[in-house]
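I have placed the structure first, in the form of structure tokens, so that the comments after it can refer back to it.
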Amino acid sequence: MDALNPVKKKQLTEYKTVNALRAVCFSLLLSLACLFSLSVHAASLPPLQLPSLTKQSVLNVPNVNDPSNVFIALGFHPKHQKLLENGMQVAKQLNAVDKTLKIYEIPVIESRYKSIQATIRPLMKARVNNKNFLNAIYPLYTDSKALKTNLGLKNQTEYAFLLCNAQGKVLWFTESQLTASDISRLKTQL
């Protein structure tokens, strides 16, 4: 290195510094990716036994009798009904990969409104745009903040899409609109 001229020495030093910074950044990104994947995989749905909106069926999570994965459109505000239905429609593409995949919508209603659910049900049915989804909607009366915390969702989240195994363990989730690239990534998980 002594035989190099000062310009070459400076360039070599800068090159080594840039490579060292790249290595540190790569390590940091890798660590963050590991933390993110651990937090996603650590989340689980609480045990659920929910009657459908039409009261024709019951959703059980975990379901010991059915090993199927479950795709859930989770809504925390009624204004997102159409968005959730669109997400469920997009998620049907996953059935090409996993014929046993179950697709549900779970609107989350604060538990303080459970006593007036007989009044809420007809309003919810009226909001459903695609009547084919009525039997796939399972209202959940619970503390939404506690549920969001349990699932690792942000407190301000108004909707989320989740892929869970039959035991309720969250395998994947997004807190934004479901896209074609999300479906491509999900197909690799099934």
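All heavy atoms count here, side chains included; hydrogens, waters and symmetry mates do not.
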| request: For residues N63 and V70, determine if any side-chain heavy atom of one lies less than 4.5 Å from a side-chain heavy atom of the other. | output: no
| request: Go through the structure and list residues passing salt bridge (Lys or Arg N to Asp or Glu O under 4.0 Å) with R185, not counting sequence neighbours. | output: D182
| task | Could you tell me whether the side chains of S52 and N135 share a donor-acceptor contact shorter than 3.5 Å? | result | no
| Taking atom CG of L186 and atom CG of L171, what is their separation to the nearest 0.5 Å? | 9.5 Å
| query | Which atom names give the shortest non-hydrogen contact between M88 and F133, and what distance separates them? | reply | CE-CD2, 3.6 Å
| query | In chain order, what residues pass the ring pair (Phe, Tyr, Trp, His ring centres under 6.0 Å) check against F161, with sequence neighbours excluded? | reply | none
| Taking all atoms of both residues into account, what is the closest heavy-atom pair of P62 and P47, and its distance? | CD-CA, 4.1 Å
| field | Test item: L74 and T157 side chains (from C-beta on) under 4.5 Å apart, heavy atoms | value | no
| query | Quick check: does any side chain N or O of E85 sit under 3.5 Å from a backbone N or O of N129, one acting as donor and the other as acceptor? | reply | yes
| field | Residue pair I72 / E105, side-chain heavy-atom distance below 4.5 Å | value | no
| Would you find a donor on one side and an acceptor on the other, under 3.5 Å apart, between the side chain of N95 and the backbone of L101? | yes
| task | State, yes or no, whether a side-chain contact exists between F71 and D98 at a heavy-atom distance under 4.5 Å. | result | no
| field | Set of ring pair (Phe, Tyr, Trp, His ring centres under 6.0 Å) partners for F76, sequence neighbours left out | value | none
| remark: Output for pair (K125 NZ, L53 CG), nearest 0.5 Å, gives 5.5 Å
| message | Rounded at 0.5 Å granularity, tell me how far CD in E110 sits from CZ in R112. | response | 5.0 Å
| task | Would you indicate whether the side-chain heavy atoms of L151 and F173 approach each other to under 4.5 Å? | result | no
| field | Under 3.5 Å donor-acceptor, E158 side chain and H80 backbone | value | no
| message | Is any side-chain heavy atom of R121 closer than 4.5 Å to one of P139? | response | yes
| Are any non-hydrogen side-chain atoms of L140 and L147 less than 4.5 angstrom apart? | yes
| note | Sorted by chain and residue number, the salt bridge (Lys or Arg N to Asp or Glu O under 4.0 Å) partners of K102 (sequence neighbours excluded) come out as D66
| task | Please check if the side chain of N150 supplies one atom and the backbone of L45 the other of a donor-acceptor pair under 3.5 Å. | result | no
| note | Between I103 and A136, the two heavy atoms sitting closest are O-CB, 3.7 Å
| request: Report yes if the side chains of I137 and Q81 come closer than 4.5 Å at any heavy-atom pair, otherwise no. | output: yes
| query | So how far is it from Q117 CD to L123 CG, rounded to the nearest 0.5 Å? | reply | 13.0 Å
| note | Taken in chain and number order and not counting sequence neighbours, the residues that satisfy salt bridge (Lys or Arg N to Asp or Glu O under 4.0 Å) with K131 are none
| request: Quick one: list whatever passes side-chain contact (heavy atoms from CB on, under 4.5 Å) with N60, sequence neighbours left out. | output: Q49, V58
| message | Checking Y138 against S57: is there a side-chain donor and acceptor pair closer than 3.5 Å? | response | yes
